[in-house]
Amino acid sequence: MTEKQEIHREKRKELRELSKIAKMRMNADCEGMTVNEILVNEFYTDKNNFEFKTLHDWSKEGFQVKKGSKAFIIWGKPKQKTKGEEHKQSKNQEEEEEEFYPLCYLFSNAQVLKRC
C-alpha cells in the first residue's frame, strides 16, 4: 500500500468515527438532518468557518483555495461497487450489494481568496 493510500484509509477511518457520533446526535436531538449536515454544522462550523463548498464550486464563483489548506471531509454520493471491486473485497453476496461512499473534500470561506 502506498503512502497516499494509507493517508486516504486513515481519513476514512477518522470520518467513520465522527459519523458514529453524528448518528447518535441524529437520533437524539438532530432529527431530520443528514450525517453530513451534522458533521458540517456541529464539528466544522465556527466563527471563522461558516460556508463550505467543494473546490469546484469555489472555482466557479471566482475563488481559489489558499495553498496548504486542509480540506474538511464529508461523505460523497454513494456509488455502486463495480464487479471488480465486489470480487476483490468479498464473495459474500450481502457485502457485494453494499454501496460505496467516497470521501468528499470541502473548503471553508476562511480558506479561499477571490481571484483578481
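All values below come from the heavy atoms of this structure, side chains included, with hydrogens, waters and symmetry mates left out.
Among all heavy-atom pairs drawn from H8 and L103, the shortest one is CE1-CD1, 3.4 Å. Smallest separation of non-hydrogen atoms from P102 and P78: CD-CA, 4.4 Å. Nearest approach of V112 to N109, heavy atoms of both residues: CG2-O, 3.4 Å. Between L106 and Q111, the shortest heavy-atom distance links the atoms O-OE1, 4.4 Å.
Sequence neighbours left out, the pairs with a member in residues 10-52 that pass ring pair (Phe, Tyr, Trp, His ring centres under 6.0 Å) are Y44-F72, F52-F72. For residues 42-56, the pairs satisfying salt bridge (Lys or Arg N to Asp or Glu O under 4.0 Å) are R25-E42, E51-K53, K53-E61, with sequence neighbours left out.
Between the CG atom in L18 and the CD1 atom in I38 there is a gap of 11.5 Å [rounded to 0.5 Å]. L113 CG to K67 NZ: the interatomic distance, rounded to the nearest 0.5 Å, is 13.5 Å. For the atom pair CG (N36) and CD1 (I73), the distance works out to 11.5 Å, reported to the nearest 0.5 Å.
Residues satisfying the side chain to side chain donor-acceptor pair (under 3.5 Å) test with N48, not counting sequence neighbours, are none. Listed by chain and number, the residues in a salt bridge (charged side-chain N to carboxylate O under 4.0 Å, His left out) with E6 amount to none (sequence neighbours excluded). Qualifying side chain to side chain donor-acceptor pair (under 3.5 Å) partners for T54, counting only residues two or more places apart in sequence or in other chains: D57. Residues satisfying the salt bridge (charged side-chain N to carboxylate O under 4.0 Å, His left out) criterion with E37, sequence neighbours excluded, are absent altogether. For W75, the side chain to side chain donor-acceptor pair (under 3.5 Å) partners are S19, not counting sequence neighbours. Applying the side-chain contact (heavy atoms from CB on, under 4.5 Å) criterion to E17, with sequence neighbours excluded, gives K20. By the side-chain contact (heavy atoms from CB on, under 4.5 Å) test, K114 is found to be paired with F63, residues two or more places apart in sequence or in another chain being considered. With sequence neighbours excluded, no residue satisfies salt bridge (charged side-chain N to carboxylate O under 4.0 Å, His left out) with K23. By the side chain to side chain donor-acceptor pair (under 3.5 Å) test, K66 is found to be paired with no residue, residues two or more places apart in sequence or in another chain being considered.
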Side-chain donor-acceptor pairs under 3.5 Å in residues 9-16, sequence neighbours left out?
residue	atom	partner	partner atom	Å
R12	NH1	Y101	O	2.8
R12	NH2	Y101	O	3.0

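W58 contributes a side-chain N or O that, together with a main-chain N or O of F107, makes up a donor-acceptor pair within less than 3.5 Å.
Under the 4.5 Å side-chain heavy-atom criterion for ILVMFWY residues, a single connected hydrophobic cluster contains both I74 and Y105.
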